[in-house]
Amino acid sequence: MENAHRADIWTPLVGLTFGLFGYGLILLLKGSIIGVIPMLTFVVAFGAWFIGEINRPITKESYTPSNSLDHPRMSMWIFLFSEVLFFGSLIGTSYGIRLRSTWPIVPEVLNVPLTAFNTFVLICSSLTMALALDAIQNGKVQKMQKYLGATALMGVVFLAIKFSEYFHLIHEGHGPTSDPFGMTYFLQTGFHALHVVVGIIGILYLIIKARKGHFTKDNHDYVEYTGLYWHFVDVVWIVLFPIIYLI
Amino acid sequence: MEEQTHAGMGKTYMKIWGVLAFFTAVEFGVTYTALAEATQVAIIVVLSIIKAILVVMYFMHVKYESKPFKYLGIIPLFLTAFLVLFLIF
């Protein structure tokens, strides 16, 4: 019997090359074009792993009842707890810096109404994600795909608004290396935006797998795990939005 | 059994979404009121915490998890609270 959670060569390679990706990104930000090479190794490893994952059918063995302390779901929660600590350290550090440095008047540099709308977009995407899980639990694959598509689309809208704000801020002289405000702003929202990107990739993965008919009423754990991650990213923004924009 | 409470939750999700959207509007609106800054911050913090709890409880289904699963989260949250406090002050 095939082990449902078997690891292929690409899984560890994705992890290893992700380190190279970060290293390459730092080189690139420092103006050295050679950083593209280590970044590309990650893109190749991730692409190979992604394609392999998409074509691998989810076997019955990988299905576990969704209301027991089963392994994958537990792992997801432990991962999310580590993410709580990660974002907690970013927020704590940023607020500590804020208390010790001069700070611009936030509504003058940041577009608060636009970001309030963006928060609303992310809340809506959380709803569609929850409805997608609800749909597949009722065996409605088509409906789930529509909700997932809407979720990914709202994620893209969120990012688009975010990036427009980034360009505006850099233009106004609050870039990631300009002042303490810019540094902490880009540190917090940048890592959050990165999580949104990962979430969108995860949702696209679900959509492709759903189109291949890999999800059924009794076999949809991946939707649940991706949903947990997406809702977590929403929770992080629910916390970040008031801290950065309102307080 | 639990699976049954899971499915057909569409209406609950819509209600939670309504509350989340409303609270976001209130948070945003409160910054335009003449209330003292401390009051504004208090309102925003309380509403945000409620929003986060609602998402975790309903969208992430923690409300429907078993008891040991629920209590598991207390340790990392406690750690995070300590971490954040020590980093800030």
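Chain identifiers are assigned alphabetically (A, B, ...) following the order of the sequence lines, protein sequences preceding nucleic acid strands; residue numbering begins at 1 within each chain.
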Item to check | A/Ile78 versus chain B, the contacting section by heavy-atom distance below 4.5 Å | outcome: neither
Checklist entry - Does any heavy atom of chain A fall under 4.5 Å from the side chain of B/Tyr32, the backbone, both, or neither of them? => result side chain
Item to check | A/Leu131 versus chain B, the contacting section by heavy-atom distance below 4.5 Å | outcome: both
Checklist outcome for this item: Per-residue tally against chain B (heavy atom, under 4.5 Å) across A/Leu85, A/Ile97, A/Ile243, A/Thr93 peaks at A/Leu85
Item to check | Top contributor to chain B interface from A/Ser82, A/Ala130, A/Pro242 [non-hydrogen pairs under 4.5 Å] | outcome: A/Ala130
Item to check | Between B/Ile16, B/Ile53, B/Leu85, B/Thr80, the one whose heavy-atom pairs under 4.5 Å with chain A are most numerous | outcome: B/Thr80
Checklist outcome for this item: Honestly, the part of B/Phe89 sitting under 4.5 Å from a heavy atom of chain A is both
Checklist entry - Which answer fits A/Trp77, side chain, backbone, both or neither, if we ask what part of it has an atom under 4.5 Å from a heavy atom of chain B? => result side chain
Item to check | Flag for A/Glu83-A/His195: side-chain donor and acceptor within less than 3.5 Å | outcome: yes
Next on the checklist: Ring-plane angle category for A/Trp237 and A/Phe158, please: parallel below 30°, perpendicular beyond 60°, tilted otherwise.
Outcome noted: perpendicular
Checklist outcome for this item: Bottom line for A/Arg100: the part with an atom under 4.5 Å from chain B's heavy atoms is side chain
Item to check | A/Phe79 atom CZ, neighbour heavy-atom count above 12 within 6.0 Å | outcome: yes
Checklist entry - Hey, which of A/Ile123, A/Val235, A/Leu80 has the most heavy atom pairs under 4.5 Å with chain B? => result A/Ile123
Item to check | A/Tyr229 ring center within less than 6.0 Å of A/Phe232 ring center | outcome: no
Item to check | Part of A/Tyr245 within contact of chain B (heavy atom distance under 4.5 Å) | outcome: neither
Item to check | Salt-bridge present (B/Glu27, B/Lys51; N to O < 4.0 Å) | outcome: yes
Checklist entry - Should the ring pair B/Phe59 and B/Tyr13 be called parallel, tilted or perpendicular, given that the plane angle runs from 0 to 90° and is split at 30 and 60? => result perpendicular
Checklist entry - For the rings on A/Phe215 and A/His220, is their centre-to-centre separation under 6.0 Å? => result no
Item to check | Largest heavy-atom contact set with chain B, pairs under 4.5 Å, which of A/Leu127, A/Ile136, A/Leu99, A/Ile91 | outcome: A/Leu127
Item to check | Under 4.5 Å from a heavy atom of chain A, the part of B/Leu47 involved | outcome: neither
Checklist entry - With only heavy atoms counted, which part of B/Ser48 is less than 4.5 Å from chain A, the side chain, the backbone, both or neither? => result both
Checklist entry - Cut-off 3.5 Å, side chains only: do B/Glu65 and B/Tyr71 have a donor facing an acceptor? => result no
Checklist outcome for this item: Okay, A/Pro113 and chain B: the region with an atom under 4.5 Å from a heavy atom over there is both
Checklist entry - With a 3.5 Å cut-off and no angle check, do the side chains of A/His168 and A/Asn111 form a donor-acceptor pair? => result no
Checklist entry - Non-hydrogen atoms of chain A under 4.5 Å away: do they reach the side chain of B/Leu20, the backbone, both or neither? => result both
Checklist entry - Is the gap between the ring centers of B/Phe82 and B/Phe78 under 6.0 Å? => result yes
Checklist entry - Will you find, in the side chains of A/Trp230 and A/Ser126, an N or O donor that is under 3.5 Å from an N or O acceptor? => result no
Next on the checklist: Looking only at heavy atoms and a cut-off of under 4.5 Å, which of A/Pro107, A/Ser94, A/Ala135, A/Gly96 has the most pairs with chain B?
Outcome noted: A/Gly96
Next on the checklist: Which atoms of B/Val30 are under 4.5 Å from chain A, going by heavy atoms: the side chain, the backbone, both sets, or neither?
Outcome noted: neither
